[in-house]
Amino acid sequence: MPERTPDRLVAQGRKAFAEIWAGCAPGMRVWIAGAPGEPTAALDALAAEPALGRGLDFCGIWLPGVNERDPTAGVPGATAETIFVNRGQREGFAAGRIRHVPRHYSALPRWIAAAPPHCVFMQVSPPVNGCVSPGLASDFAQTLAATPARLVGQVNPAMPAPPGAPRLAVARFSALVTADTPLLTHDPGPADAATLAIAGQVAGLIDCGDTVSVGIGKAANAVLAALIDHRDLAYHAGMVTDGLLPLLDRTVLTRGVTAGVALGSQDLYRRLTDEPRIRFRGVAHTHSAAVLAAIPNLVTVNAAVEIDLMGQANSEMVGGRQISGHGGAADFHRGALAAPGGRAILALPSTAGRSRTSRIRVALEAGTPVSLPRADAGIVVTEYGIADLAGLDSDARAQALIAIADPAHRDALANGWDARRRAM
């Protein structure tokens, strides 16, 4: 049962958060936790009295499609720094209040240590034995607790403390405020035929004894579903989602699960409350180059917006518009390339939108960021097949990619490559 916490730490709801915000001086750097650790009640208190946040500089890792609130909205002189540009923050980005700084996930613990926030707001579980847990959002909690930052915890009875999640001492917190708010959820929706076909292709590249890593979204859940008849797998990723539950039920993942965040449905969150098979670790572990390179037969599956015929991939921008960020894709991709027997897979549908524009391009448009350079090219999968680009020269990799493009675009791609090749 949750225990009584020292009175100096205990408070209730919006009024208590308002008092904490009032104690933050202009110019202070304030971390707002992301994923299901977003402190909803603290943000509600700020939105109700925006002047309390005057001149603050917010930071945090706010996931696209999940953490859509803009903490600078309506707050006089406030700014923010982020590695993603989410739909809900586009107005702030366009207005110049929000700075987008490209960073790999593996670099974030060092960034936090080098420029620690003055104050941190996060959700935690109710205290037990003198400790709380960041629970489903354990990606940065320990790194932040190791800084001199003032920690403020929104104690939420809905936040589970899974057996494999870290614990933080109550004494480390400057304030704990009880507020029962729904945890943020994420439903990517059903996969279409192309995504299911891609998932089947990817599953065929995974063998018994492999360690699997996938991301978030329809494609990731489809890949997990396609692994239902596999055996003796491990899982090491930044995140676990609902797609993992059937694999746990069917004892597919007999070699352990490691992740930093759980994000999905309320059913997933309930299941993880007493699930001992998942080890929650921080980004300093889950995304570490040394850790990933030491995992035999690591198979990573990342998505991309588009790839060109030289093997350069863009996973951040559509039509010149920033829709995401680097995230951890490059960390896991390069980790798999370095691991013994590792395979780095890039999965994408062959076309995009109602116009069925080819996602395999002769060249990325000028100004498009290269999220994965051609020297990191591994295995590319579309619904039309598999292209293993490792060790291929420029002409051979172009031919391999054209072969898995939508048939309606193959002639144009071949002609475009011939023209580009002559100009090289």
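We're numbering straight along the sequence, starting at 1. Note: hydrogens, waters and symmetry copies are ignored here, and every other heavy atom, side chains too, is used.
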Checklist entry - Looking at F173, does the NZ or CZ of R150 lie under 6.0 angstrom from its six-membered ring centre and within 45 degrees of the ring axis? => result no
Next on the checklist: Before you tell me yes or no, could you show the steps for F121 and W21 under ring pair (Phe, Tyr, Trp, His ring centres under 6.0 Å), namely the whole-Å CA-CA distance, both residues' side-chain angles and the distance that decides it to 0.1 Å?
Outcome noted: CA-CA 10 Å; F121 288 83; W21 284 118; 4.3 Å; yes
Item to check | Side chain to side chain, V66 and L263, heavy atoms closer than 4.5 Å | outcome: yes
Next on the checklist: Tell me which pairs pass salt bridge (Lys or Arg N to Asp or Glu O under 4.0 Å) where either residue lies in residues 348-358, with sequence neighbours left out.
Outcome noted: R356-D406
Item to check | Inter- and intrachain pairs under salt bridge (Lys or Arg N to Asp or Glu O under 4.0 Å), touching residues 185-205, at least two apart | outcome: none
Just list the side-chain donor-acceptor pairs under 3.5 Å for residues 27-45, sequence neighbours left out, or say none.
unit_1, atom_1, unit_2, atom_2, d
R29, NE, A115, O, 3.4
R29, NH1, D57, OD2, 3.2
E38, OE1, N67, ND2, 3.0
D44, OD1, R69, NH1, 2.9
D44, OD1, R69, NH2, 3.0

Checklist entry - Is a side-chain donor-acceptor pair under 3.5 Å present for Q154 with T178? => result no
Item to check | Electrostatic pair R343:D210 at N-O distance under 4.0 angstrom | outcome: yes
Checklist entry - Does any N or O in the side chain of H236 come within less than 3.5 Å of the main-chain N or O of V212, such that one atom is a donor and the other an acceptor? => result no
Next on the checklist: According to side chain to side chain contact (heavy atoms under 4.5 Å, CB included), who are the partners of R271, at least two apart in sequence or on a separate chain?
Outcome noted: L245, D249, D267
Checklist entry - Would R279 and T258 satisfy side chain to side chain donor-acceptor pair (under 3.5 Å), going step by step from the backbone distance to the final call? => result CA-CA 5 Å; R279 298 181 296 269; T258 301; 2.8 Å; yes
Checklist entry - So, D139 versus T286: side-chain donor-acceptor pair below 3.5 Å or not? => result no
Next on the checklist: If you count every heavy atom of other residues, nucleotides or ligands that lies below 6.0 Å from R374 atom CZ, does the total exceed 12?
Outcome noted: no
Checklist entry - How long is the span from the CG atom in L268 to the OG1 atom in T185, to the nearest 0.5 Å? => result 10.5 Å
Next on the checklist: Is there a side-chain contact between P134 and Q123 in this structure, where contact means two heavy atoms from C-beta onward sitting under 4.5 Å apart?
Outcome noted: no
Item to check | Listed partners of S125 passing side chain to side chain contact (heavy atoms under 4.5 Å, CB included), at least two apart | outcome: V132, S133, M159, A161
Identify each donor-acceptor pair in which a side-chain atom of residues 305-312 lies under 3.5 Å from a protein atom, sequence neighbours left out, and give them as a table.
unit_1, atom_1, unit_2, atom_2, d
E306, OE1, R361, NH1, 3.0
E306, OE2, N314, ND2, 3.0
D308, OD1, M310, N, 3.0
D308, OD1, G311, N, 3.2
D308, OD1, Q312, N, 3.0
D308, OD2, Q312, NE2, 2.7

Item to check | Pair S315-S371, side-chain donor/acceptor within less than 3.5 Å | outcome: yes
Next on the checklist: Looking at A329, is its backbone amide N or carbonyl O close enough to the side chain of H287 to form a donor-acceptor pair, meaning the two atoms are under 3.5 Å apart?
Outcome noted: no
Checklist entry - Has the side chain of D70 got a donor or acceptor atom that lies under 3.5 Å from a matching backbone atom of T72? => result yes
Checklist entry - In terms of side-chain geometry, is the basic nitrogen of R97 or E81 positioned less than 4.0 Å from the acidic oxygen of its partner? => result no
Checklist entry - Considering all heavy atoms of both residues, which atom of W62 and which atom of P71 are nearest to each other, and what is their separation? => result CH2-CG, 3.9 Å
Next on the checklist: Are there over 12 heavy-atom neighbours, none belonging to Q266, within less than 6.0 Å of that residue's CD?
Outcome noted: yes
Checklist entry - In Å and rounded to the nearest 0.5 Å, what is the CD to CG distance from E383 to L348? => result 8.5 Å
Item to check | Backbone of A51 reached by a side-chain donor or acceptor of E49 within 3.5 Å | outcome: no
